[in-house]
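Note that the coordinates shown come from a computational prediction; the quantities given were computed from them, not determined experimentally. Quick note: residue numbers are just sequence positions, from 1.
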Amino acid sequence: MLAVFDRTVAKCPEGLRNMDSGPGEKGVGGVASLVDHFSATREGAVTIRLGSSGAVAYTAEKQNLLLPRLFAAVDDIYCLFQGHIENIAHLKQQYGLNKTANEVIIVIEAYRSLRDRGPYPADKVVRDLNGKFAFILFDCSAKSTFIAADADGSVPFYWGTDSGSHLVLSDDVDVIKKGCGKSFAPFPKGCFFTTSGGLQSFEHPLNEVKLMPRVDSQGEVCGATYEIDAQTKKESSMPRVGSAANWSSHY
């Protein structure tokens, strides 16, 4: 799976860019170029253009049958999901979904509940997903992203930034390298990223996430990793129940 987002909807986190890195290993950079390369090199690839916000693409080619890739679109919400949720029956009941709903539909409904029916902590929404997963969600109406990976990093999942400051995400490290050069890293385990809130931990929601330089096998700095800062606590900004505050803008 692949997603490329414009910086207006998904600002690249601090430190992910390597200033010495070019557009990619073979000069593949930008939304159109990277998505076109993905589609041309993968059988059965499907691409969804998101206008000026970016694009997403996926294929069933060479997927792990134990961690399948899924895609769904509901009311201008697009979601790519890879993995498996173990408590799927409980979540179907929690969100009032029918028996045919799969993991990607559950993620979309969880996001809609977060957006429309708050206040409800985003970290709890992701923490309620028990299993091995990574997902990329984009809400066209709100111009918002919602991205996460499980606490164990069970699904290969990477993010980076290209020469145009687009945020690039994929389960294929070769795709990331072609688009981002050395400006990439594994997506942080146990974390989620949103347009409004940036990178946060759902395992330790009260702690800040700190940047750590990432060094490759040649000893060169290439992007950054992010770790929980056990010494720094965040102030809670959750509004009171009944508050006029728009919770969806704070998740």
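- Separating the CG atom in L2 from the CD1 atom in I136 is a distance of 7.5 Å, to the nearest 0.5 Å.
- At least one donor-acceptor pair closer than 3.5 Å links the side chain of T161 to the backbone N or O of H166.
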Q) Please walk me through it: do D36 and K178 pass salt bridge (charged side-chain N to carboxylate O under 4.0 Å, His left out)? A) CA-CA 12 Å; D36 289 346; K178 288 183 185 301; over 6 Å; no

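- If you take CD on Q82 and OG on S154, they are separated by 11.0 Å, rounding to the nearest 0.5 Å.
- E103 contributes a side-chain N or O that, together with a main-chain N or O of I85, makes up a donor-acceptor pair within less than 3.5 Å.
- Side-chain polar atoms of T145 and T195 form a donor-acceptor pair below 3.5 angstrom.
- Under the 3.5 Å distance criterion, the side-chain polar atoms of D171 are left unmatched by any main-chain donor or acceptor of F157.
- Side chain of D150 to backbone of F133: a donor-acceptor contact under 3.5 angstrom is found.
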When the side chains of residues 3-11 are checked against the rest of the protein, which donor-acceptor pairs come out under 3.5 Å, sequence neighbours left out?
{"residue": "D6", "atom": "OD2", "partner": "T8", "partner atom": "N", "Å": "3.0"}
{"residue": "D6", "atom": "OD2", "partner": "T8", "partner atom": "OG1", "Å": "2.7"}

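- A donor-acceptor distance shorter than 3.5 angstrom exists from the side chain of N87 to the backbone of D128, with no hydrogens or angles considered.
- No donor-acceptor pair closer than 3.5 Å links the side chain of S113 to the backbone N or O of Y111.
- Annotation: the span from D162 atom CG to S183 atom OG amounts to 9.0 Å, rounded to 0.5 Å.
- Connection of I88 to I108 is established within a shared hydrophobic cluster, with ILVMFWY side chains joined at heavy-atom distances below 4.5 Å, either directly or through further cluster members.
- Side-chain contact of T100 with N98: a donor-acceptor pair under 3.5 Å is present, judged by distance alone.
- Of all non-hydrogen atoms in S170 and M1, the two that sit nearest each other are OG-O, 2.7 Å.
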Q: Take T47 and S39 through the test side chain to side chain donor-acceptor pair (under 3.5 Å) and record every step on the way to the result.
A: CA-CA 7 Å; T47 300; S39 298; 2.8 Å; yes

Exercise answer: donor-acceptor pairs, residues 55-62 side-chain atoms, under 3.5 Å, sequence neighbours excluded:
{"residue": "T59", "atom": "OG1", "partner": "E43", "partner atom": "O", "Å": "2.8"}
{"residue": "T59", "atom": "OG1", "partner": "E61", "partner atom": "N", "Å": "3.1"}
{"residue": "E61", "atom": "OE1", "partner": "E43", "partner atom": "N", "Å": "3.4"}

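- Using a 4.5 Å cut-off between side-chain heavy atoms of Ile, Leu, Val, Met, Phe, Trp and Tyr, with links allowed through other members, V74 and F81 fall into the same hydrophobic cluster.
- Ring to ring, F146 and F135 are close: their centroids are under 6.0 angstrom apart.
- One finds the SG atom of C79 at 11.0 Å from the CD1 atom of I106 (value rounded to the nearest 0.5 Å).
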Q) Is there a side chain to side chain contact (heavy atoms under 4.5 Å, CB included) between D152 and K132 once you walk through the steps? A) CA-CA 8 Å; D152 296 322; K132 301 176 180 181; over 6 Å; no

Q: Apply side chain to side chain contact (heavy atoms under 4.5 Å, CB included) to I48 and F71, showing your working.
A: CA-CA 11 Å; I48 298 92; F71 171 79; 3.7 Å; yes

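- To the nearest 0.5 Å, the span separating CG on N207 from CD on Q200 amounts to 12.0 Å.
- Of all heavy-atom pairs spanning C180 and G160, the tightest one is SG-C, 3.6 Å.
- Here the shortest heavy-atom pairing between L114 and P121 reads CD1-C, 4.3 Å.
- Ring geometry for F193 versus W159: interplanar angle over 60°, hence perpendicular rather than tilted (30 to 60°).
- Considering all non-hydrogen atoms of both residues, V155 and L67 come closest at CG2-CD1, 4.2 Å.
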Q: Please lay out, stage by stage, how F184 and V168 fare under the test side chain to side chain contact (heavy atoms under 4.5 Å, CB included).
A: CA-CA 9 Å; F184 79 97; V168 182; over 6 Å; no

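- Both V126 and Y95 are members of a single hydrophobic cluster when ILVMFWY side chains are connected at heavy-atom separations under 4.5 Å.
- With a 4.5 Å cut-off on side-chain heavy atoms, F138 and I77 do not count as touching.
- Here the shortest heavy-atom pairing between F202 and D123 reads CB-O, 3.5 Å.
- The backbone N or O of R69 sits less than 3.5 Å from a side-chain atom of Q63, completing a donor-acceptor pair.
- A side-chain donor-acceptor contact under 3.5 Å links K92 to the backbone of A101.
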Q: List the steps and the verdict of side chain to side chain contact (heavy atoms under 4.5 Å, CB included) for L169 and F187.
A: CA-CA 8 Å; L169 303 109; F187 190 88; 4.3 Å; yes

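- Between the CG atom in L97 and the CG atom in L91 there is a gap of 9.0 Å [rounded to 0.5 Å].
- A salt bridge does not link D172 to K177: none of the charged nitrogens lies less than 4.0 Å from a carboxylate oxygen.
- Residues S201 and V209 come closest through the heavy atom pair N-CG2, 3.9 Å.
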